[in-house]
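Read through the structure below, which is laid out as structure tokens, and then see the notes.
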Protein chains: 2
Amino acid sequence: MLETKAQRQSDRRAEILDAAERCFARAGFHRASMQDICGEAAMSPGNLYRYFPSKEALIAGICERNRAEAVASFALVDQAPEFFEGLAGLARHHLVDRTEDEVALCAEIMAESRRHPDIAQLYQGIEKDIRDRIAGLLKQAAGRDEIRNDLDLDAAASVLMLLGDGMSWRRSVDPSFDAEKVLPLILAMVRGLLAKPDRDAPAHGAKS
Amino acid sequence: MLETKAQRQSDRRAEILDAAERCFARAGFHRASMQDICGEAAMSPGNLYRYFPSKEALIAGICERNRAEAVASFALVDQAPEFFEGLAGLARHHLVDRTEDEVALCAEIMAESRRHPDIAQLYQGIEKDIRDRIAGLLKQAAGRDEIRNDLDLDAAASVLMLLGDGMSWRRSVDPSFDAEKVLPLILAMVRGLLAKPDRDAPAHGAKS
DNA sequence: AAAATGAGAATGAACGTTCACTCCCAGTAA
DNA sequence: TTACTGGGAGTGAACGTTCATTCTCATTTT
């Protein structure tokens with residue numbers, strides 16, 4: 001009884017967020033009006049406002065969902081047999097397999113976090129979370145002797161995040177960008193940065 | 001006479017663009033109103049509209065200026081004695097030396113180009129220009145035998161641009177990001193990607 | 001005088017949000 | 001069964017505000 005009530009509410013909220021995601025990905029935050037979202041969600045404004053108190057709350061809700069998803073993807077990588085393999089899987093998952101809409105939405109959130117202080121705080125929380133997980137990954141790998149141990153892990157984590165941002169942005173801004181094609185270069189580059197210099201790295205394939 | 005007229009007009013336009021840049025960097029495109037810009041430029045709306053026909057035209061004007069500046073910075077690098085040195089200089093100029101406002105503005109333009117088709121076209125023109133110049137740099141370096149010659153230059157150019165975007169975004173989104181600290185890692189990484197494998201690369205300094 | 005330059009109030013559209021109201025249905029008393 | 005009722009779900013017109021843009025008129029320059 002009570003359960004189903006709460007469940008229904010939660011489902012409805014999820015539906016609304018789905019609709020909002022579509023609108024935001026299509027038109028951006030500012031150009032997607034509440035009316036648009038209401039239309040997409042097949043719902044009147046008044047009713048929508050019973051589930052979310054403001055447009056900003058929609059954005060926040062979407063952020064939270066993304067965070068949950070990001071965290072989940074890290075859990076998957078933790079189980080990879082070897083560090084670079086896991087990293088490659090994570091990169092592929094985040095940067096190649098994502099749909100246009102997901103990338104667009106991510107770009108939108110990043111852009112928005114530059115202006116709305118509340119969103120900025122939320123987003124930076126997520127960033128910190130992700131950064132910590134990356135640092136954890138690196139530390140673990142260093143412990144297992146899979147990467148060089150004289151690295152500034154903090155700076156290395158920054159580099160990895162920066163690469164992620166860069167690929168994500170390039171995808172969302174440059175229609176001719178081919179993530180699939182560039183990813184191997186990136187991974188080779190990262191390997192060069194992180195791998196122990198002892199075992200001489202093989203030449204990365206360039207001519208196909 | 002006629003010259004001074006045109007000059008005055010041009011100066012006035014530049015002043016307005018300066019004011020608009022400040023406003024846009026501070027508040028973003030959508031939240032910076034024309035009134036704000038008028039205030040910053042110490043000018044009435046009616047008068048401002050005599051110099052620029054729309055808000056979008058302001059954005060376009062700013063884009064053009066940035067393009068001109070970017071092109072100029074490439075000319076400087078072309079004169080560097082050696083490829084990696086030139087690249088490092090370019091990176092420093094674009095990613096470390098830039099002011100907060102310039103980075104913010106760049107982010108704003110990128111975000112806006114995702115929305116406004118006209119801006120998108122303009123921005124992609126600039127991107128293409130820059131990409132061509134990077135490709136030219138790489139080709140030249142390959143010709144001089146300064147970098148390996150089995151590279152996919154197109155993909156390598158993508159990687160370099162992606163790194164630039166990534167650093168730029170990280171700067172504008174993450175206040176704790178220290179470009180100065182990360183740049184050496186990035187450069188070492190790029191060197192690993194581009195340099196000829198013959199001469200064994202020295203270990204990049206990590207522990208400071 | 002004529003043209004260029006400037007000011008600032010006015011305009012109209014778009015937007016997020018609210019509010020008064022309707023609809024639907026489970027529960028219950030007759 | 002039927003009639004009543006309380007409240008959550010849902011509606012959509014309206015509100016107040018903001019904003020880009022335009023209009024009208026004053027001032028300065030040629």
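Heavy-atom basis, side chains included; hydrogens, waters and symmetry copies ignored. All of these numbers come straight from a predicted model, not from anything done at the bench.
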What is the distance from [atom1] of [X] to [atom2] of [N], rounded to the nearest Å?
X	N	atom1	atom2	result
B/I16	C/dT5	CD1	P	12 Å
B/R31	D/dC19	CZ	P	9 Å
A/F52	C/dT18	CZ	P	16 Å
A/K55	C/dT17	NZ	P	8 Å
B/R13	C/dT5	CZ	P	13 Å
A/D11	D/dA9	CG	P	13 Å
B/E15	C/dT5	CD	P	14 Å
B/M34	D/dT22	CE	P	10 Å

(request) Kindly state which residues belonging to residues 35-48 of chain A come within less than 4.0 angstrom of DNA chain C, counting heavy atoms of the residue only, listed by number. (result)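 Under 4.0 Å from DNA chain C: A/Q35, A/P45, A/G46.
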
(message) For a quick test of reading the model: is some side-chain N or O of A/R50 closer than 4.0 Å to OP1 or OP2 of C/dT18?
(response) no

(request) Report yes if at least one side-chain N or O of A/Y49 is closer than 4.0 Å to OP1 or OP2 of C/dC19; otherwise report no. (result)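 A/Y49 to C/dC19 OP1/OP2: no side-chain N or O under 4.0 Å.
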
Base, sugar-phosphate, or nothing: which does [X] touch, judged by heavy atoms less than 4.0 Å apart?
X	result
B/Y51	sugar-phosphate
B/R12	sugar-phosphate
A/A32	sugar-phosphate

In plain terms, say whether [X] and [Y] are close enough for a salt bridge, that is, a side-chain N and a carboxylate O under 4.0 Å apart.
X	Y	answer
A/R22	A/D36	no
B/R26	B/D101	no
A/E127	B/R170	yes

(message) Could you tell me if B/R144 sits above the aromatic ring of B/F83, with its cationic atom closer than 6.0 Å to the ring centre and no more than 45 degrees from the axis?
(response)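 Judged by the rule, B/R144 and B/F83 form no cation-pi pair.
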
(message) Under the criterion side-chain contact (heavy atoms from CB on, under 4.5 Å), I'd like the reasoning laid out for B/R92 against B/E180: C-alpha separation, chi angles, the key distance, then a yes or no.
(response) CA-CA 8 Å; B/R92 174 162 294 278; B/E180 191 83 50; 3.0 Å; yes

(request) Give the minimum heavy-atom separation between A/C38 and A/P45, together with the two atoms involved. (result) SG-CA, 3.4 Å

(request) For A/L183 and A/A91, work out which heavy atoms get closest and say how close. (result) CD1-CB, 4.0 Å

